[in-house]
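In what follows, a single structure is set out as structure tokens and then discussed.
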Amino acid sequence: METLFKKRQERLNIFKKMRNQEIISPKKEIPDHLFTSCPHCHANLVTAQLAKNLYVCPQCGHHFRLSARQRINQIIDEGTFKESDKYAQTENAHEFVGYQEKLKLSYQKSGLLEGVVTGYGKINKQNVCIAVMDASFMMGSMGHVVGDKITRLIETAEKKHFPLIIFCTSGGARMQEGIISLMQMAKTSQALKRFKEAQNLYISVLCDPTTGGVSASFAMLGDIMIAEPKALIGFAGKRVIEKTINEKLPEDFQTAEFLMEHGFLDMIVKRDEMKSVLAKLIKIHGGAHGSTAKITNDQRA
Amino acid sequence: MDLQQRLQMISELEQQAKITTDNQALGLLNAKIKIMKQQAFENLSAWDRVFLARHPNRSKFHDYLPLLFNDFIELHGDRCFGDDASMITGLAYFHDLPITIIAQAKGNDLSSNLKYNFGMNNPWGYRKAIRIAKQAEKFRRPIITFVDTPGAYPGKTAEENGQAMAIADCLATFSNLKVPVICVVLSEGGSGGALALSIADRIVMLENAIYSILSPEGFASILWKDESRYKEAAEAMKLTAYDLKELGIIDHIIKEPKGGVQQDLQSVVNMLDHYISQELNQLIKTRPTVLLNARYEKFRRIGTI
Ligand SMILES: [Zn+2]
């Protein structure tokens, strides 16, 4: 009887795996095209070399947008990443006309079931909880699955007392989910507040683009605020602002450099230095044991 | 025909009645007007409520202030950059209880609307709200917030001063305030700018107020690339008080008189007064840790996987 049940369970698991693989085809590290054109300097780059260069243009330093998987491969020690809520996906998309089709397109385009990958792993052997958003999934917009996955990660990080890193890249709220999407701003922000009040470290890394409801919630609440060079970061859209104030905005408006100049970032970090900067920051905060920066008697003496 | 068109028709008939000399025709006209007036406010669509929520004559925070509270003392400034006129903060008595008020203000004509920036706050407005909220916590005063904004101001100076961060800080700060917070949505609750004052233990909404992720016009333009579909957007967005009550986003609805709150503000104030009294009485007896956990759960359960 028991073996029969076990067998059934195994078959069910295989079926589950197959079903999931059907939707989540592993995205290739290197795109099909041999050459990639840099959107900034228009240089024709060999894609394989571009990948080796962490998707930074060797000519002009333009940081290409990364998929969540690419980012995790660059940041997390090999073989240490454990993904959480991997199969979480929107169940009620039929409630809004056209949403289901949009999601299906995004599954194919991104190889993901939602706009954020969450989990834990190690950075230079130090434990971290990490969330990485993916702009190729509906512009990384925050629906309830994104909001809840991030909230659950924050709560896990608090329980484990791990440092938390979120790589943000998002156009903002997910319009199709309306008010529920808006409320994810409240949910993630309050979870972060609790996490931070408990002496935990939160590093927010703003990537291109970070705007709207995501910028006005968890993205801007880092103990340490980092951005990638030239990333677009802001609340309102540039066109909306231009229309409101009836004025042309400068070229560098809402760039990482602009935010740095106005005092909203701790640092702008190039991609090839990102991992080592994060590792140093985690280390000085006491690593994964938490930030119990007590001065011992020895140190005082 | 939507509400605006129905009202337009009534006023046209009224004009006609003024110049009608024939007694019989006038009688008929008046009877028609009477019936139309009776029916005008029945079966309101979501868009009709948007129309009422944005109506220029709709009561604003300043109309409620003397009716709900005594001895208001206004406090100004964010201690950092400036004083946002569209974020009114201060102290007052609610019955005998000292409380803190944080309110979004709109004007009722062009000059006052320019002063209040049409209810759109700047970062120094949200930072003023944070400062005053922390002060309330220090002196153990409950906070009552009033939401009435089309959204945060999309301006150049606003971005230069960290509009996104100011709102995010508001959300985080209010989630952790160890005093009761009651949020009253008066008319328009637009996006993150409204959410900034909505992290509360109770959210109460006027019957014809709206609360949404974006304006219906903006929603139609972004999602369907067609701003003219705003009425359709309003229906799809679930932005009325009844929709939001059903979704569990808000706690209570205050009924409005026919034609909107401005027709009988006192009756709405009475109901609001009763609701706030009743809820505050309960909330001020609640231990801070219990209060904070309940507030956390209130938002935690929205859209779980
Ligand atoms: Zn280039």
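In what follows, chains are A, B, ... by sequence order, proteins preceding strands, each numbered from 1.
Geometric assessment of A:Lys238 against the ring of A:Phe253 yields a negative cation-pi assignment under the 6.0 Å and 45° thresholds.
In this structure, CZ in A:Phe195 is found 9.5 Å from OH in A:Tyr202, a value given to the nearest 0.5 Å. Atom CG of B:Asp251 and atom CG of B:Leu244 lie 11.5 Å apart (nearest 0.5 Å).
B:Asn176 meets the side chain to side chain contact (heavy atoms under 4.5 Å, CB included) test with A:Lys193, A:Glu197, B:Lys178, B:Leu292; sequence neighbours excluded. Evaluation of the ring pair (Phe, Tyr, Trp, His ring centres under 6.0 Å) rule for B:Tyr230 yields B:Trp47 as partners, not counting sequence neighbours. In terms of the side chain to side chain contact (heavy atoms under 4.5 Å, CB included) criterion, residue partners of B:Ile302 (sequence neighbours excluded) are, by chain and number, A:Ile180, A:Met183, A:Gln184, B:Ile249, B:Phe299.
For A:Glu247, the part lying under 4.5 angstrom from a heavy atom of chain B is the side chain only. Contact annotation for A:Phe258: only side-chain heavy atoms (C-beta onward) come within less than 4.5 Å of a heavy atom of chain B. Interface remark: A:Glu155 contributes side-chain atoms only to the contact with chain B (heavy atom separation under 4.5 Å). With a 4.5 Å cut-off on non-hydrogen atoms, A:Asp85 touches chain B through its side chain but not through its backbone. For chain B, the nearby part of A:Arg174 is the backbone; its heavy atoms alone come within less than 4.5 Å. Neither the backbone nor the side chain of A:Leu192 comes within contact range of chain B; no heavy atoms are under 4.5 Å apart.
Salt bridge annotation for A:Glu257-A:Lys230: absent, with no cationic side-chain nitrogen under 4.0 angstrom from a carboxylate oxygen.
Around atom CD of B:Glu246, no more than 12 heavy atoms belonging to other residues, nucleotides or ligands sit under 6.0 Å away.
Among A:Gly147, A:Gly234, A:Ala191, the residue with the largest count of heavy-atom pairs under 4.5 Å with chain B is A:Ala191. Interface check for chain B: of the options A:Glu261, A:Arg194, A:Lys102, A:Met175, the most heavy-atom pairs under 4.5 Å are formed by A:Arg194. Between chain B and the residues A:Val214, A:Val145, A:Ile241, A:Thr188, the largest count of heavy-atom pairs under 4.5 Å involves A:Ile241. Counting heavy-atom pairs under 4.5 Å between each of A:Glu95, A:Glu91, A:Arg152, A:Lys149 and chain B puts A:Arg152 at the top.
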How far apart are the C-alpha atoms of A:Thr255 and A:Asp252, what are their side-chain angles, what is the distance that settles it, and do they pass the side chain to side chain donor-acceptor pair (under 3.5 Å) test? CA-CA 6 Å; A:Thr255 58; A:Asp252 74 334; 4.9 Å; no
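With respect to B:Lys128, the salt bridge (charged side-chain N to carboxylate O under 4.0 Å, His left out) criterion is satisfied by exactly one of B:Asp83, B:Asp84, B:Asp169: B:Asp83.
Contacts between residues 208-228 of chain B and chain A, counted as heavy-atom pairs separated by less than 4.5 Å, involve B:Tyr211, B:Ser212, B:Ile213, B:Leu214, B:Phe219, B:Ile222, B:Leu223, B:Trp224.
There is a side-chain donor-acceptor pair under 3.5 Å between B:Ser86 and B:Asn121.
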